Amino acid sequence: MQFRLLASDTQTNARLGEIVTDHGTIPTPIFMPVGTVGSVKGVSHRELEYDIDAKIILGNTYHLYLRPGLEVIKQAGGLHKFSSWDRPILTDSGGYQVFSLAENRKLTSEGAHFRSHIDGSKHFFSPENVMDIQRTIGADIIMAFDECPPGDASFEYAKKSLDLTERWLIRCIDRFNSTEPLYGHSQAMFPIVQGCVYPELRKRAAETVAALNCEGNAIGGLSVGEPAEVMYEMIEVVNAILPASKPRYLMGVGTPENILEAIARGVDMFDCVMPTRNGRNGMLFTSEGIINIRNKKWENDFSPIDPNGTTFADRRYSKAYLRHLFVSSEMLGPQLASIHNLGFYLWLVAEARLQIANGTFEEWKNKMTKRVATRL
RNA sequence: GGGGAGAUACCAAAGUGGCCAACUGGGGCAGACUGUAAAUCUGCUGGCGCACGCCUUCGUAGGUUCGAAUCCUGCUCUCCCCA
């Protein structure tokens with residue numbers, strides 16, 4: 001993997017770049033649709049490629065390890081072949097599941113003991129086997145195994161958690177460096193900066209990560225309950241330390257507004273379940289604002305879902321029709337909403353790139369952050 | 001013509017003297033969702049104030065009772081069975 005920094009905004013810390021992988025080049029800033037189990041829920045690969053033009057998608061180590069399991073993925077020749085996706089893939093390490101499945105796991109310095117959410121069976125994740133699993137899945141970019149503490153964690157807990165994450169990180173790197181990719185394409189491993197909402201911890205974590213000189217770096221443990229302003233402050237603290245020559249990935253973020261604010265602070269990569277999950281639940285993100293398509297006000301609105309939208313769904317179908325699909329519990333509704341939202345997110349970052357290249361990013365961003373957060 | 005059953009809020013359907021402004025489901029209306037245990041979850045759904053409360057509801061008109069959706073009488077309507 002290679003990162004090229006093509007331009008830096010003069011008024012903000014926004015950057016324009018590209019990540020070159022063996023499965024293709026990813027322009028940055030970029031949004032990466034989440035396909036946890038090897039599927040972006042409700043959206044076909046054809047739509048991801050031709051309508052949404054996703055440059056890279058995510059998979060999840062924890063979910064794929066449990067099902068279909070490593071044997072099937074290995075036999076298939078890796079996740080790219082198994083899922084018939086020839087563009088880049090990034091896998092999350094399962095660190096987030098340490099957080100979101102907290103009732104079903106026990107942490108030790110060795111790793112995390114889990115119970116499967118599927119059948120209750122017992123499993124163990126360590127920094128080493130998570131690296132091995134991600135070798136087997138075969139994503140272009142893989143993530144270090146970390147602990148993601150909740151947004152309201154105390155300083156004591158946050159510090160202890162960061163200690164653990166940093167010890168795990170060293171082991172991740174050792175294992176990653178002593179193993180080889182399995183399918184003939186190269187893999188990069190990104191470490192993750194933790195530290196909750198405590199600037200001194202974030203600073204220390206960023207310094208640790210920066211010194212490791214990995215191919216890219218991630219910021220985790222944000223948008224887990226803390227106010228957005230605090231998140232922005234943490235991004236500033238961390239990005240002042242992370243090397244400018246490496247891509248910066250803000251994990252799990254976020255709303256269109258969050259993404260624009262983070263781009264302005266020097267973040268290059270994003271992923272979030274919002275466009276798909278909220279889309280399935282009837283929430284549309286558009287360049288004019290946020291729509292709850294189930295609301296009665298759209299009942300007779302026969303205008304396109306999003307006249308400025310980039311996908312076939314946006315101009316072909318009306319709001320009234322999409323509302324009807326949701327109200328009728330037709331599966332096409334959540335599918336179209338997901339396609340629209342992902343199309344919008346990809347449009348948003350593409351437009352941000354354009355504005356950075358034109359030197360007009362800040363003005364555009366200030367206008368857009370207000371608009372995209374408006375409730376229509 | 002004879003016999004039987006029933007009328008409860010938008011719909012369906014509980015409730016058969018006080019714990020009933022009325023279970024529950026549907027429908028409707030709104031909200032939540034940020035490295036996906038989510039095509040999921042939550043709230044509201046007689047009126048007014050919208051906390052406490054007050055007012056008007058259980059086909060309809062009367063009656064019994066301290067008190068009625070619940071008991072009695074008349075009326076209206078609906079459904080089922082037999083001719």
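Note that the structure is a prediction, hence the values are computed from the model and not measured.
Of the nucleotides present, none pairs with B/rC50 by Watson-Crick or G-U wobble criteria with both distances under 3.5 Å. The base-pairing partner of B/rC41, taking Watson-Crick or G-U wobble contacts with both distances under 3.5 Å, is B/rG31. The base-pairing partner of B/rC79, taking Watson-Crick or G-U wobble contacts with both distances under 3.5 Å, is B/rG4. As the counterpart of B/rC10, B/rG26 is assigned, both hydrogen-bonding distances of the Watson-Crick or G-U wobble pattern falling under 3.5 Å.
Classification of A/Glu110 and A/Arg171 as a salt-bridged pair holds, one side-chain N sitting under 4.0 Å from a carboxylate O. A salt bridge is defined here as a Lys NZ or Arg NE, NH1 or NH2 lying under 4.0 Å from an Asp or Glu carboxylate O, and A/Arg15 with A/Asp9 fails to meet this definition. A salt bridge does not link A/Arg135 to A/Glu180: none of the charged side-chain nitrogens sits closer than 4.0 Å to a carboxylate oxygen. A salt bridge does not link A/Lys203 to A/Glu200: none of the charged nitrogens lies less than 4.0 Å from a carboxylate oxygen. A/Glu128 has no carboxylate O lying under 4.0 Å from a charged side-chain N of A/Arg175, or vice versa, which leaves the two without a salt bridge.
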**Study point:** Where protein sits on nucleotides 26-33 of chain B, one letter per nucleotide: B base, S sugar-phosphate only, - none, heavy atoms under 4.0 Å
**Key:** --SSSBBB
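For B/rA69 and B/rG17, the P atoms lie 13 Å apart once the distance is rounded to whole Å. With both ends at atom C1', the span from B/rG28 to B/rG35 equals 37 Å, rounded to whole Å. Spacing of P atoms, B/rG27 relative to B/rC19, comes out at 31 Å, to the nearest Å. B/rG63 sits 31 Å from B/rA14 when the P atoms are compared, rounded to a whole Å. Comparing the P positions of B/rG6 and B/rA83 gives a spacing of 23 Å, expressed to the nearest Å. The C1' atoms of B/rC23 and B/rU70 are separated by 16 Å, rounded to the nearest whole Å. For the C1' atom pair drawn from B/rG47 and B/rU73, the interatomic distance equals 32 Å after rounding to whole Å. For the C1' atom pair drawn from B/rA37 and B/rA13, the interatomic distance equals 35 Å after rounding to whole Å.
Per the geometry, CE belonging to A/Met189 stands 15 Å off C1' belonging to B/rG35, to the nearest Å. Note: CG (A/Asp92) to P (B/rG35) measures 10 Å, nearest angstrom. In this entry the distance linking CG of A/Leu64 with C1' of B/rA37 reads 14 Å, nearest Å. Spacing between atom CG of A/Leu342 and atom C1' of B/rU34 amounts to 14 Å, rounded to whole angstrom units. Rounded to an integer number of Å, the gap from A/Leu58 CG to B/rU36 P is 7 Å. Atom CG in A/Leu101 sits roughly 10 Å away from atom C1' in B/rU36 (whole-Å rounding). The interatomic distance linking A/Tyr65 (OH) with B/rU36 (P) rounds to 18 Å, in whole Å. Atom CD1 of A/Ile259 and atom P of B/rG35 are 11 Å apart (whole Å).
Heavy atoms of A/Thr276 sit under 4.0 angstrom from at least one base atom. Among the heavy atoms of the strands lying under 4.0 Å from A/Gln97 are primed sugar atoms or P, OP1, OP2 only; no base atom is included. Residue contacts shown for A/Ile118 are absent, as no nucleic acid heavy atom lies under 4.0 Å away. Across all strands shown, A/Gly221 has heavy atoms under 4.0 Å from base atoms, whether or not it also approaches the sugar-phosphate. Within 4.0 Å of A/Glu226, counting heavy atoms only, lies no atom of the nucleic acid at all.
Between the base of B/rG35 and the side chain of A/Asn60 there is no donor-acceptor pair shorter than 3.5 Å. No donor-acceptor contact under 3.5 Å links the side chain of A/Ser100 to the base of B/rU36.
Contact between A/Leu162 and A/Gly195 at its shortest, heavy atoms only, is CD1-N, 4.3 Å. A pairwise comparison of heavy atoms in A/Glu215 and A/Lys246 identifies O-CD, 3.5 Å as the closest pair.
Taking the six-membered ring for Trp, A/Tyr96 and A/Phe99 have ring centres closer than 6.0 Å.
Nearer the 5' end of RNA chain B, as judged by each residue's closest nucleotide, is the contact made by A/Leu222, out of A/Leu222 and A/Met331.
Contact annotation: A/Ser223 does not reach the phosphate of B/rU34 (side-chain N/O to OP1 or OP2, under 4.0 Å).
Surrounding OH of A/Tyr157 are more than 12 heavy atoms belonging to other residues, nucleotides or ligands, all under 6.0 Å away.
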